[in-house]
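Reading through the structure tokens given below for one structure.
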Amino acid sequence: TPFMDQNQDKNTIRNNLWGGIDVTRNNSYINNNIIYGSNSGIRCSGKPRLINNTITNNNSFGIYCNYEAKPIIINSIIY
């Protein structure tokens with residue numbers, strides 16, 4: 001799983017064991033990505049901004065967040 005504390009933009013992320021992206025910081029931007037074939041597409045804590053992402057065909061969850069997380073999800077396809 002790529003641990004991500006800044007921004008991810010215009011990537012294809014696939015076939016990761018735990019999650020496509022693991023977001024651990026507030027105010028991270030995850031924009032315009034295709035994420036598929038992982039256990040979870042995005043795992044998050046904090047308050048990331050998930051904008052214009054396609055998250056599909058992951059084993060467990062499209063987006064999995066801990067109980068304290070408050071993600072902002074805009075214009076994303078989660079299937």
Side-chain angles (χ1 to χ4, degrees):
T1 303
F3 285 92
M4 209 285 302
D5 282 330
Q6 295 298 319
N7 303 318
Q8 289 287 338
D9 190 34
K10 300 179 185 170
N11 296 292
T12 298
I13 300 163
R14 62 184 172 92
N15 300 330
N16 289 290
L17 181 60
W18 295 107
I21 297 176
D22 195 345
V23 185
T24 59
R25 182 189 280 179
N26 285 333
N27 300 318
S28 295
Y29 286 83
I30 312 298
N31 303 324
N32 303 308
N33 296 289
I34 299 170
I35 304 165
Y36 67 94
S38 301
N39 190 44
S40 297
I42 296 175
R43 294 166 33 115
C44 69
S45 57
K47 190 177 178 182
R49 297 168 194 254
L50 313 173
I51 304 168
N52 296 330
N53 294 289
T54 299
I55 304 166
T56 185
N57 292 327
N58 293 288
N59 296 329
S60 296
F61 302 97
I63 299 173
Y64 177 83
C65 298
N66 70 17
Y67 68 95
E68 296 174 334
K70 295 178 182 172
I72 297 169
I73 304 168
I74 300 170
N75 198 35
S76 294
I77 298 168
I78 305 165
Y79 183 75

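Positions are given from 1 along the sequence. Scope of the values below: all heavy atoms of this structure, side chains included, with no hydrogens, waters or symmetry mates.
Rounded to the nearest 0.5 angstrom, Y29 OH and I72 CD1 are separated by 7.5 Å. In this structure, the separation between CG on N15 and CG on N59 is 9.0 Å, given to the nearest 0.5 Å. Note that CG of L50 is 8.0 Å distant from CD1 of I35, once rounded to the nearest 0.5 Å. Note that CG of D22 is 10.5 Å distant from CG of N16, once rounded to the nearest 0.5 Å. Taking OH of Y67 as the start and OG of S45 as the end, the distance is 10.5 Å to the nearest 0.5 Å. Taken from CD1 in I21 to CD1 in I13, the straight-line distance is 3.5 Å, to the nearest 0.5 Å.
Contact of the T12 side chain with the Y36 side chain is registered, since non-hydrogen atoms from C-beta on lie closer than 4.5 Å.
Residue K47 comes nearest to K70 through the heavy atom pair CG-O, 3.0 Å, listed as atom of the first residue, atom of the second, then distance. Smallest separation of non-hydrogen atoms from R49 and N31: O-OD1, 4.4 Å. Heavy-atom minimum distance, N52 versus S76: N-OG, 3.5 Å.
Remark: of the listed residues I42, I34, I30, I42 is the sole one forming a side chain to side chain contact (heavy atoms under 4.5 Å, CB included) with I55.
A donor-acceptor contact shorter than 3.5 Å links the side chain of N33 to the backbone of N11. The backbone N or O of S38 lies less than 3.5 Å from a partner atom in the side chain of N58, making a donor-acceptor pair.
Note: the hydrophobic cluster containing V23 does not contain F61 (ILVMFWY, side chain heavy atoms under 4.5 Å, direct or indirect links).
The local environment of CD1 in I77 is sparse, with at most 12 non-hydrogen atoms from other residues, nucleotides or ligands closer than 6.0 Å.
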